[in-house]
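To keep things clear, I will list the structure first and then write my remarks on it.
Numbering of ligands and ligand atoms starts at 1, following listing order. This is a predicted model, so every value here is computed, not measured.
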Amino acid sequence: MTSLFEYAPAPESRSIVDIRPSYGLFVDGEFTDGTGTPLKTVNAATEEVLSEVATGSDADVDRAVRAARRAFVKVWGPMRPADRGKYLFRIARLLQERAREFAVLETLDNGKPIRESRDVDVPLAAAHFFYHAGWADKLEHAGLGPAPRPLGVAGQVIPWNFPLLMLAWKIAPALATGNTVVLKPAETTPLTALLFAEICQQADLPPGVVNIVTGAGETGRAVISHPDVDKVAFTGSTEVGRAIARAVAGTEKRLTLELGGKAANIVFDDAPIDQAVEGIVRGIFFNQGHVCCAGSRLLVQESVHDAVVAALQRRIGTLRVGDPMDKNTDLGAINSAEQLARIRELTAFGETEGATCWQPDGDLPDRGFWFKPTVFTDVSPAHRIARDEVFGPVLSVLTFRTPDEAVAKANNTTYGLSAGIWSEKGSRILKVTDQLRAGVVWANTFNEFDPTSPFGGYKQSGYGREGGRQGLAAYLRSDS
Ligand code: NAD
Ligand code: MG
């Protein structure tokens, strides 16, 4: 967009990655055909078809679950924990060795800027495997009972916003605790999961320990409802999460759900404005706002509202929107035509309900799926853009006068995944944090992730925690 300096393009090369014209399912250590109708996956920035990917039918899912069960009973369950850890360390190192390949493939399939896939998604995915590799032979010291045992076969369904990272959040703790896995990636972003399957082969992971079954919602439904699955882990929309909770109710299956959010990012009048603006930008424009814990509701103290909004608009004017493969790009493409339609629908409500919409000048590319960074001011808590998850680069700005009002407004949501506070006063940060009903609260930063730190929500944001010692509990039986 308009900026002081024009940058020359700095495109990352795509030649490092070989995308096959078609992919099968990864079952029992091998790629096999799927029996459903294949899906095409496209580059969100160009609408170019990248590859055709198999769809797993009920029968294919059954084969994958049986392979996972065999591997659990015969190999992975009985294996010495320290040996399981060695496989996880090996996978982590292979992810690092092939980091550039993963980053390029993630950006092509998802539309996110290469800077983010290179500096965030892939390193964090490797970090999750390193972290959990360390736990594999120390589980009896995790405070989860003297001899915690694996559950068995985990059925895992993940979304498209962090395809490889969500895979790591699911697979690393499951394997470290001795479970085996059937994972279904999202239909618009299956390619890095299939490259991960190659890593499993390269690491000589015993066949059946990890199975990757691609396909859309029906394939996901088959995974979570298979009777021989012991544990279901899902990340995605609240609507699908609810359907899964109903399907699992009354069975012996254990369930964790990581659903949406509508996080408050609270800026007090004593906060350093320039730092807060950086945090606001990072909170809502990171990954095009396709982030369940995005800081999509800015709560700003009334006395600094005008100064913060002006500084924010100036900063947004310098963000570079466009080719995700360009290393200078800040905002890439919206992941799919469907998601773009959803973002447009919700922002249209913002205008008809009376909020004021602001977008920077500049053009968007002609092909692909794009949405400008958008700020709504004059938003009231009753507006849909203040209540519904947009899951796009759209910020709603509300104001408050006192800390109590900030807390009341922040908690006035059906979600409770994350929140942010900007203030120079430590005592205020501690007091407000204590009153927020959110799983993660960031102070003077936002969207900071670490495998050692548990992540998860309250209310309609789901239940269970991922990461940290708490995340291990979801994959272990502690009654011994
Ligand atoms: P979704 O919930 O439909 O899809 C997530 C995953 O669930 C995909 O792998 C999908 O194939 C699978 N799935 C769909 N129906 C299923 C079913 N009945 N049983 C089992 N698996 C099923 O999400 P979406 O349609 O891609 O996005 C819709 C909205 O969800 C977004 O606008 C956003 O608000 C929210 N969302 C949240 C997250 C998150 O990280 N919490 C991620 C993606 C989307
Ligand atoms: Mg795609």
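- Using modelled atom types and a 3.5 Å distance limit, the side chains of K231 and T256 yield a donor-acceptor pair.
- In this structure, ligand 1 sits under 4.0 Å from heavy atoms belonging to V157, I158, P159, W160, N161, K184, P185, A186, E187, A216, G217, G220, R221, F234, T235, G236, S237, V240, I244, E258, L259, G260, C292, Q339, R342, E389, F391.
- Ring pair H128/W169 is tilted by interplanar angle, where 30° to 60° counts as tilted.
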Identify all side-chain donor-acceptor contacts of residues 22-30 below 3.5 Å with residues at least two apart in sequence or on another chain.
unit_1: Y23; atom_1: OH; unit_2: R20; atom_2: N; d: 3.1
unit_1: D28; atom_1: OD2; unit_2: R70; atom_2: NH2; d: 3.0

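- With sequence neighbours excluded, no residue forms a ring pair (Phe, Tyr, Trp, His ring centres under 6.0 Å) with W422.
- Screening residues 42-62 for ring-ring contact (aromatic ring centres under 6.0 Å, His included), with sequence neighbours left out, gives no hits.
- Heavy atoms from other residues, nucleotides or ligands lying under 6.0 Å from NZ of K40 number 12 at most.
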